[in-house]
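To keep things clear, I will list the structure first and then write my remarks on it.
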Amino acid sequence: MTETVLLYLFSAAALAGAVVMLIARHPMRVALGLISTMLALACLYALLGVHVIAVFQVLIYVGAVMVFMVFVIMLLDTRDPSFVARYSRLLLPGALTAAVLAATLAALLARHHGGRLRPPGGADFHLQPFSVAFLRDYWLHFELTSVLLVVVVVAAIAVIRGRGGRDG
Amino acid sequence: MDRSQFLVGLSVALFCLGLLGVIVRRNALVMLMCMELMVNAVVLSLVTYAARAGSTAGAAYVFLIFVVAAAEIAIAIPIVLLLVRQRRTLDVGAYTGLGG
């Protein structure tokens, strides 16, 4: 019972954060809306029993990505015209597209209800089997992410320095 | 309505709100954040199914998606900063002539 109430509460919080992202004028408020959505999603993951993904969500998304984003917003000029006029002239077609997509996906979801996905012999998610599998079966993928991050750092420096490294 | 279906419905709603944000907002940074919202919505549906199936592979895959999303932001933000340095605005309507 409590879990169901919490599920609806955090889902409502996630939706509210997403709506704030659409209507807020200043990017900092949009970033705060996104952070609240991500925290609500982390709470939903914890409710589902996948605590490790909830921790990943808080550490990687809220802790790293969004802090980076907030820093960049603080770096930029607040008198930018895009801070005053929120919407481009694609407002009507965009709203139509999103409404059509939402209706299609909702209709699909309503048609395929209740099918059990649990494979025979599938157990609940537990941290210990995940940790063992993560560092035994997926160690190569884990190491490849570090290679990817190095590539990204080099690429970011190359982008900022530009052609010939004028004013990097 | 069972729990998984509700969460997948929530992920559909978040994805559509994110798509709407990418299309209608003018600020380049806000568009990036709406893209992050779309990624989060898709990850929510993946986590829902992975938790339902008790799959460790799903959880490992979510970790990889998080790292790729962090990498995407780390590349996208310098590009936005360069655009701002050149055009003096964050308004995507001003970025004409980006082709070729």
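Just so it is clear: chains get the letters A, B, ... in the order the sequence lines come, proteins before strands, and each one is counted from 1.
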Fill in: side chain to side chain contact (heavy atoms under 4.5 Å, CB included) between B:R25 and A:Y87, intermediate numbers included
CA-CA 5 Å; B:R25 295 296 302 246; A:Y87 302 121; 3.7 Å; yes

Identify the heavy atoms of B:I75 and A:A155 that sit nearest to each other, and give their distance.
->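 Reported closest heavy-atom pair: CD1-CB, 3.4 Å.
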
In short, A:F130 meets B:A60 closest at the heavy-atom pair CE1-N, 3.5 Å

Chain A contact via [X] - side chain, backbone, both or neither, heavy atoms under 4.5 Å:
X     : result
B:L17 : both
B:A57 : both
B:V22 : neither
B:T48 : both

Between B:R3 and A:L48, is there a donor-acceptor pair closer than 3.5 Å when you use the side chain of the first and the backbone of the second? no

Same cluster or not: are A:F142 and A:V52 linked, directly or through other Ile, Leu, Val, Met, Phe, Trp or Tyr residues, by side-chain heavy atoms under 4.5 angstrom apart?
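In one cluster: yes.
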
inquiry  = Let me check something: do B:V80 and A:M74 share a hydrophobic cluster, defined by ILVMFWY side-chain heavy atoms less than 4.5 Å apart, either directly or through other members?
reply    =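 Same cluster.
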
Relative to the ring of B:F63, is the ring of A:F56 parallel (under 30°), tilted (30 to 60°) or perpendicular (over 60°)?
-> tilted

*Do the side chains of B:M33 and A:I73 get nearer than 4.5 Å, heavy atoms only?*
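A side-chain contact under 4.5 Å exists here.
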
Nearest 0.5 Å, what's the [atom1]-[atom2] distance between [X] and [Y]?
X     : Y      : atom1 : atom2 : answer
B:N27 : A:R25  : CG    : CZ    : 12.5 Å
A:L34 : B:L37  : CG    : CG    : 6.0 Å
A:M28 : B:L29  : CE    : CG    : 10.5 Å
B:F6  : A:L109 : CZ    : CG    : 11.0 Å

- [ ] For side chain to side chain contact (heavy atoms under 4.5 Å, CB included), just list the numbers for A:T37 and B:E36, CA-CA rounded to whole Å, side-chain angles, deciding distance to a tenth of an Å, and then say yes or no.
- [x] CA-CA 11 Å; A:T37 301; B:E36 286 301 308; over 6 Å; no

Item to complete: Decide yes or no on side chain to side chain contact (heavy atoms under 4.5 Å, CB included) for B:L10 and A:L44, but give the supporting numbers first.
Response: CA-CA 11 Å; B:L10 174 69; A:L44 285 177; 3.5 Å; yes

Criterion side chain to side chain contact (heavy atoms under 4.5 Å, CB included) on B:V30 and A:M21, from CA distance to verdict: CA-CA 8 Å; B:V30 173; A:M21 287 180 66; over 6 Å; no

Heavy-atom pairs under 4.5 Å with chain A are the metric here; pick the option from [options] that has the most.
options                    : answer
B:L14, B:L20, B:L7, B:V24  : B:V24
B:L64, B:V84, B:V62, B:T56 : B:T56
B:L44, B:V43, B:L19        : B:L44

Quick one: side chain to side chain contact (heavy atoms under 4.5 Å, CB included) partners of B:I77, sequence neighbours excluded?
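Side chain to side chain contact (heavy atoms under 4.5 Å, CB included) list for B:I77, sorted by chain: A:F68, A:M69, A:V72, B:L32, B:I73, B:L81.
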
